[in-house]
Amino acid sequence: MKRLKGIVIGRSRFGESSDVIKFLSDELGLVSFAAPGRRRPASKTRAALEILSYSEVVLYERRGDVWLVKEAVLIRGFREITRNLSMFELSGRLLGLLESALLPFGPVDGLVPLVLDFLSVAERTENPKGLYCFALVRVNELFGMKPSLSFCACGAGKVIGFSLESGAICENCEIGIKSVKLSPSEARTLYELEKARWDTINEIAINDKLLALLEAYTRKHLLGV
């Protein structure tokens, strides 16, 4: 039997009234378990196992390595995020990336607190794209793969591009390195993103081009695609 605190990052139907839950915990990383009868109106685990819920669960093994939930208590829900369709969609993309990355990586210290910070700000943000990109940067940093955003790896030259290998590229290093050109304002935005905090991210406007680059960087380094 195991008692875990974590975040519900995925859920799929199993049978007529049960679900399979994807649960992100600091102790074990990503855990999958069955929640018998969760979709029944009277289920005691219904609220605690909704997507984006931060909950405490008690699991026990049954038939080998199949985990079943015995108890589930909601600590905090983040249902307000569902009212912002853009933020809800980007939250799903972030959690999907983490679900795929954690299979080979296992537990990552500090990941649950990072996701809780993200969800807390996501409930009230006016800048979904900026928050999503900031979370991508923080996730890469936690995995030891943070891109350089404010200066080129060589330490000299004006940033004029972005490489999926290392991040910011300067005018001296662009030759021979596959990169995407950045405008001066986009280079400045990356610099601001690197210096940002959860409580200042609303001030940084991210365009679709920078979002796509940071997401592609994350997929390459965390997922190898």
Side-chain angles (χ1 to χ4, degrees), residues 24 84 86-87 89-122 124-225:
L24 177 62
N84 184 331
S86 177
M87 191 70 259
E89 190 267 334
L90 290 172
S91 297
R93 278 159 66 173
L94 178 67
L95 297 181
L97 285 169
L98 292 178
E99 180 180 341
S100 298
L102 285 170
L103 293 176
F105 280 94
V108 178
D109 288 342
L111 186 55
V112 169
L114 190 158
V115 176
L116 286 175
D117 284 340
F118 167 77
L119 295 175
S120 296
V121 179
R124 60 183 187 275
T125 189
E126 298 175 359
N127 185 13
K129 291 180 182 178
L131 178 59
Y132 175 64
C133 289
F134 182 64
L136 291 178
V137 173
R138 293 296 303 274
V139 165
N140 278 290
E141 182 177 20
L142 201 61
F143 278 76
M145 301 176 181
K146 182 177 179 289
S148 176
L149 299 179
S150 57
F151 55 85
C152 179
C154 75
K158 178 182 177 182
V159 172
I160 64 168
F162 188 90
S163 164
L164 296 186
E165 297 298 328
S166 60
I169 292 292
C170 75
E171 53 196 350
N172 301 322
C173 297
E174 66 166 335
I175 299 175
I177 297 179
K178 187 176 181 180
S179 63
V180 176
K181 289 280 189 180
L182 298 177
S183 69
S185 64
E186 288 169 340
R188 176 67 184 177
T189 297
L190 288 183
Y191 173 83
E192 293 173 347
L193 188 63
E194 188 157 64
K195 308 300 180 184
R197 304 186 308 271
W198 293 111
D199 61 348
T200 64
I201 192 60
N202 268 343
E203 304 166 11
I204 301 175
I206 302 286
N207 63 23
D208 289 337
K209 175 182 171 182
L210 292 179
L211 187 153
L213 286 173
L214 290 169
E215 191 171 65
Y217 179 96
T218 303
R219 289 186 176 279
K220 179 178 178 63
H221 290 267
L222 265 63
L223 309 184
V225 297

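Below, all heavy atoms of this structure are taken into account, side chains as well, without hydrogens, waters or symmetry copies. Remember, it's a predicted structure, so these values are computed and weren't measured experimentally. Along the sequence shown, the residues carry numbers beginning at 1.
- Residues satisfying the ring pair (Phe, Tyr, Trp, His ring centres under 6.0 Å) test with Tyr132, not counting sequence neighbours, are none.
- Taking OG1 of Thr200 as the reference point, atom CD of Glu192 lies at 9.5 Å (rounded to 0.5 Å).
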Leu24 vs Val115, test: side chain to side chain contact (heavy atoms under 4.5 Å, CB included). Steps then yes/no. CA-CA 9 Å; Leu24 177 62; Val115 176; 4.0 Å; yes
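- Counting heavy atoms from C-beta outward, Val108 and Leu114 have side chains that stay 4.5 Å or more apart.
- The distance from atom CG of Leu131 to atom CD1 of Ile206, rounded to the nearest 0.5 Å, is 10.5 Å.
- A donor-acceptor pair is defined here as one N or O able to donate and one able to accept, closer than 3.5 Å; such a pair exists between the side chain of Arg124 and the backbone of Ser120.
- Tested against Phe162, the residues Leu149, Ile169, Leu210 include a single side-chain contact (heavy atoms from CB on, under 4.5 Å) partner, Leu149.
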Could you go through the side chain to side chain contact (heavy atoms under 4.5 Å, CB included) check for Leu193 and Leu214 one step at a time? CA-CA 11 Å; Leu193 188 63; Leu214 290 169; 3.6 Å; yes
Give every donor-acceptor pair under 3.5 Å between a side-chain atom in residues 133-147 and any protein atom, sequence neighbours left out.
residue	atom	partner	partner atom	Å
Asn140	ND2	Leu136	O	2.8
Asn140	ND2	Thr218	OG1	2.8
Lys146	NZ	Glu194	OE2	2.5

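- Separating the SG atom in Cys152 from the CD atom in Glu171 is a distance of 10.0 Å, to the nearest 0.5 Å.
- In terms of modelled atom types and a separation under 3.5 Å, the side chain of His221 and the main chain of Ser166 share no donor-acceptor contact.
- Residues satisfying the ring pair (Phe, Tyr, Trp, His ring centres under 6.0 Å) criterion with Phe151, sequence neighbours excluded, are absent altogether.
- Considering every non-hydrogen atom in both Ile201 and Ala196, the closest pair reads CD1-CB, 4.2 Å.
- Residues Glu186 and Lys181 are not paired through a salt bridge, judged by the lack of any N-O separation under 4.0 Å between the basic side chain and the carboxylate.
- More than 12 non-hydrogen atoms from other residues, nucleotides or ligands lie less than 6.0 angstrom from NZ of Lys209.
- Of all the heavy atoms in Asn84 and Thr125, the pair that sits closest is ND2-O, 4.0 Å.
- Counting heavy atoms of neighbouring residues, nucleotides and ligands inside a 6.0 Å radius, atom CG of Asp109 does not exceed 12 of them.
- The distance from atom CG of Asp208 to atom CD of Glu215, rounded to the nearest 0.5 Å, is 11.0 Å.
- In terms of heavy atoms, Thr189 sits closest to Ala205 at CG2-O, 3.4 Å.
- In terms of heavy-atom proximity, Ile177 sits nearest to Ser163 at CG2-OG, 4.0 Å.
- The shortest heavy-atom contact between Tyr217 and Leu164 is CD1-O, 3.4 Å.
- Here the shortest heavy-atom pairing between Ala101 and Leu223 reads N-CD2, 3.5 Å.
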